[in-house]
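Notes follow the structure.
So you know, we letter chains A, B, ... as the sequences are listed, proteins then strands, and number each from 1.
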Protein chains: 2
Amino acid sequence: MTKHITIRDIAKMAKVSVGTVDRVIHKRGEVAEESYKKVVAILEKTGYKPNLIARALVSSKSVKIAVLLPNPKQDEYWKLSVEGIDQAQQEWAQYSLELTRYYFDLYKNESFRSMAEKVLKSAPDGIIAAPVFTEESVEFFTSCKERNIPFVLVNSNLTSPSPLSFIGQDLYQSGMLGAELLHQGQKKPGTYAIMHIYDDVHASKYLSEKEKGFRDYFKEQGDKTYEVISIDLNHTHTRTLERELMELFSNPKLRGILVTTSKGAQVVSKMLEKRGKNDIKLVAYDLLKSNIRHLRAGTIDFLINQNSKRQTFIGINQLTNHLLFRKKVVPNYLFPLEIVARKNLQSYLDSVDH
Amino acid sequence: MTKHITIRDIAKMAKVSVGTVDRVIHKRGEVAEESYKKVVAILEKTGYKPNLIARALVSSKSVKIAVLLPNPKQDEYWKLSVEGIDQAQQEWAQYSLELTRYYFDLYKNESFRSMAEKVLKSAPDGIIAAPVFTEESVEFFTSCKERNIPFVLVNSNLTSPSPLSFIGQDLYQSGMLGAELLHQGQKKPGTYAIMHIYDDVHASKYLSEKEKGFRDYFKEQGDKTYEVISIDLNHTHTRTLERELMELFSNPKLRGILVTTSKGAQVVSKMLEKRGKNDIKLVAYDLLKSNIRHLRAGTIDFLINQNSKRQTFIGINQLTNHLLFRKKVVPNYLFPLEIVARKNLQSYLDSVDH
DNA sequence: CTGAAAGCGCTAACAA
DNA sequence: TTGTTAGCGCTTTCAG
């Protein structure tokens with residue numbers, strides 16, 4: 001019934017040609033003041049909506065998107081996000097979408113910098129990236145802005161050059177939730193630890209946001225009986241690491257640990273399993289293989305799911321929709337903080353998005 | 001680089017016309033054995049993928065979809081799903097998608113039946129529905145099958161006339177999770193109740209699946225010290241209801257209640273709040289206003305989110321993609337069982353999908 | 001049984 | 001400054 005109004009209809013009503021109407025719609029000038037006004041008026045009155053399908057068909061130009069992420073081989077978390085890339089690529093297979101992947105070394109800002117340079121050289125129509133190294137990212141995305149290349153950020157955000165869209169979670173709330181999950185049901189006062197374990201020096205705003213939330217949770221508890229310690233272990237020497245962990249475990253007041261890094265979770269849960277769990281609660285992030293096993297076994301009590309796969313998938317989708325169809329994007333696409341426990345784990349593994 | 005292969009290319013390679021290729025692709029016969037084989041071979045070899053955009057453009061016929069759901073005014077849960085319809089409608093606004101909504105009385109199978117009839121009369125291209133009344137649904141969707149009208153089911157599934165796609169959760173696991181959330185951290189044996197409260201007689205497979213999971217959880221606990229009671233209250237007489245609840249509350253062994261219906265959750269949590277919560281745990285479903293309030297206040301301990309909005313949204317999307325682009329759909333689109341607690345509630349409310 | 005041709009709605013190049 | 005026109009890739013008559 002509601003016959004769609006086309007550019008032809010507009011042209012007829014305004015007594016001009018479709019060419020003129022198109023010029024008005026896309027503001028590519030060369031239109032007489034008078035015609036312009038007439039067309040705009042009719043556009044408004046009729047509430048004309050362009051047919052995106054036709055628009056996409058005609059352009060039919062392959063949209064080129066660059067994906068700039070940490071090397072998935074280094075970290076299982078980022079391996080999950082690759083599944084999101086694959087899924088998006090499949091989804092858009094018929095629409096000429098060219099996805100090129102650029103993986104940088106998660107622990108070397110040098111690597112980020114050089115990969116970013118490559119991305120720029122390839123002159124993509126859009127970029128989706130994880131701004132792991134803040135300083136380098138600011139620099140890189142500033143040049144993107146200058147060149148008018150839209151970029152979408154996943155996992156963590158940047159304030160200064162603002163992205164077309166950010167996809168991720170509220171990290172502060174995430175830290176709070178981690179604290180709550182550890183503290184929940186515990187009546188005795190004690191010590192709670194938040195641990196970041198990585199391979200190299202690696203100052204990340206990402207982790208500190210979580211830590212702030214974690215600390216604030218215990219502050220809010222009112223009674224000052226909670227001691228919060230933050231542990232940064234930045235070495236690959238398994239020995240040293242194990243020694244430090246053993247020392248931590250031996251603290252009789254230790255009630256729980258929140259591990260923020262995937263490598264970390266693996267090490268800590270293995271050690272805790274060996275030692276016998278007793279009363280130390282453990283919360284980690286994401287549906288990584290080792291985490292799943294330890295959640296099932298009971299070493300890990302809860303996981304907080306960040307859904308790396310879906311973050312990346314949505315990111316590419318938004319960017320492509322923007323580029324191909326000029327659709328509007330959600331500037332701040334926040335994911336909920338998903339709690340995964342023993343009894344709902346299976347439903348996550350069964351679910352389509354996993 | 002990867003120049004897309006078109007139907008023209010195929011035609012040229014097979015030395016036939018595009019018409020013939022099209023006839024082969026869509027199996028609309030009238031093709032000589034020989035040409036058929038030739039074309040199929042080339043199709044396979046080249047891995048031809050149709051351009052969905054072009055396909056959608058040419059048909060350009062407005063796809064007509066009927067939405068058959070319970071009246072959102074009767075139940076907040078179904079009100080959420082309306083948001084999903086709205087969202088989908090917006091998303092597909094430019095693509096001539098005609099969505100017509102048919103709301104039936106949640107408590108009257110008669111109403112379902114008559115609405116279903118109306119749907120059939122409107123001769124839609126596809127249907128998305130919640131098969132609340134099993135018997136009537138089986139009948140209705142059987143006629144849909146006969147008429148070749150594809151239908152997508154949300155919330156609960158039907159076995160017999162199988163839908164194009166089902167979107168929902170595993171209800172058995174859901175009941176289990178509810179039980180676990182109640183039982184967790186409780187050491188003393190006791191009584192656990194699962195409650196279904198509705199306005200009218202209403203035998204629903206939906207609820208019984210959850211109940212099975214609930215009961216099985218406690219069976220699995222090994223020790224026989226858990227008593228499970230199931231309560232069906234099917235009246236609107238507030239007095240009687242309150243009396244029955246008071247009686248339940250007065251059972252000193254009662255440890256927790258899982259309420260499966262939205263109306264129920266509202267009543268129970270209000271009563272429990274008045275009485276003083278003490279040791280009775282309460283778990284309910286979905287981010288309904290009253291549930292959110294009581295979760296914040298502590299009367300409700302956990303919510304299990306079914307994400308009615310997204311279920312409906314995804315359902316319409318799948319159906320439209322199928323109808324408009326002939327895209328493949330996921331036959332069994334399972335959602336994870338999301339646990340909402342005090343500390344991650346806000347993230348759910350902030351998230352885009354809410 | 002097959003090929004030719006007219007569009008679907010929009011864009012962009014080219015003429016006027 | 002404007003109008004005309006040739007496609008984008010596919011579907012669907014309509015003649016042969």
Along DNA chain C (nearest heavy atom to each residue), the more 5'-positioned of B:Lys15 and B:Ala54 | B:Lys15
Give the rounded distance in Å between these two atoms: CG of B:Asn51 and P of D:dG7.
-> 18 Å
Determine: side-chain N/O of A:Thr6 to OP1/OP2 of C:dG9, distance under 4.0 Å, yes or no.
-> no
Output yes when a side-chain donor or acceptor of B:Gln169 lies under 3.5 Å from a complementary backbone atom of B:Leu334, and no otherwise.
-> no
Anything under 3.5 Å between a donor and an acceptor, one on a side chain of residues 313-321 of chain B, the other on a protein residue two or more places apart or in another chain? List them.
{"from": "B:Asn317", "atom 1": "OD1", "to": "B:Trp92", "atom 2": "NE1", "distance (Å)": "2.7"}
{"from": "B:Gln318", "atom 1": "OE1", "to": "B:Val330", "atom 2": "N", "distance (Å)": "3.0"}
{"from": "B:Thr320", "atom 1": "OG1", "to": "B:Ile316", "atom 2": "O", "distance (Å)": "2.7"}
{"from": "B:Asn321", "atom 1": "ND2", "to": "B:Asn317", "atom 2": "O", "distance (Å)": "3.3"}

For A:Arg101, check salt bridge (Lys or Arg N to Asp or Glu O under 4.0 Å) against everything at least two apart and list the hits.
-> A:Asp86
What does B:Tyr36 touch in the nucleic acid at a heavy-atom separation under 4.0 angstrom: a base, only the sugar-phosphate, or nothing?
-> nothing
Closer than 4.0 Å, any side-chain N/O of B:Tyr48 to the OP1 or OP2 of D:dC10?
-> yes
Send over the distance from A:Lys38 NZ to D:dG3 C1', rounded to a whole Å.
-> 14 Å
Candidates C:dA5, C:dC8, D:dT2 - which lies nearest the side chain of B:Val18 | C:dA5
With a non-hydrogen cut-off below 4.0 angstrom, is A:Val16 in contact with a base, only sugar-phosphate, or nothing?
-> sugar-phosphate
Out of D:dT11, C:dC14, C:dC10, which has the shortest distance to the side chain of A:Pro50?
-> C:dC10
For A:Ile53 and C:dC10, what is the distance between atoms CD1 and P respectively, to the nearest whole Å?
-> 11 Å
Angle between terminal axes - the helix from C:dC1-D:dG16 to C:dA16-D:dT1, 5 pairs each end, rounded to 10° | 50°
Nearest-angstrom distance from the residue atom CG of A:Asp22 to P of C:dA13 | 11 Å
Set of salt bridge (Lys or Arg N to Asp or Glu O under 4.0 Å) partners for B:Glu34, sequence neighbours left out = none
For B:Thr20 and C:dG3, is the shortest distance between a side-chain N/O and OP1 or OP2 below 4.0 Å?
-> yes
Contacts of B:Glu33 meeting salt bridge (Lys or Arg N to Asp or Glu O under 4.0 Å) (sequence neighbours excluded), chain-then-number -> B:Lys37
Residues, nucleotides or ligands: over 12 heavy atoms within 6.0 Å of A:Lys118 NZ = no
Starting from the 5' end of DNA chain D, give me the residue, A:Gly19 or B:His26, whose nearest nucleotide shows up first.
-> A:Gly19
Out of D:dG3, C:dC10, C:dG3, which nucleotide sits closest to the side chain of B:Arg23?
-> C:dG3
Any chance NZ of B:Lys79 has more than 12 other-residue heavy atoms, nucleotides or ligands included, within less than 6.0 Å?
-> no
Side-chain N or O of A:Ser35 closer than 4.0 Å to phosphate OP1/OP2 of D:dT1 = no
Does D:dT11 have OP1 or OP2 sitting under 4.0 Å from an N or O in the side chain of B:Arg55?
-> yes
Figure out the CD1/P separation between B:Ile7 and C:dG3, and round it to whole Å.
-> 13 Å
Not counting sequence neighbours, which residues clear ring-ring contact (aromatic ring centres under 6.0 Å, His included) with A:Tyr333? List them please.
-> A:Phe335
C:dG7 P sits how many Å from B:Leu57 CG, rounded?
-> 14 Å
Measure from CZ on A:Arg8 to P on C:dC10 and round the result to the nearest Å.
-> 10 Å
Protein-nucleotide distance (B:Ile25, atom CD1; D:dC10, atom C1'), rounded to Å | 9 Å
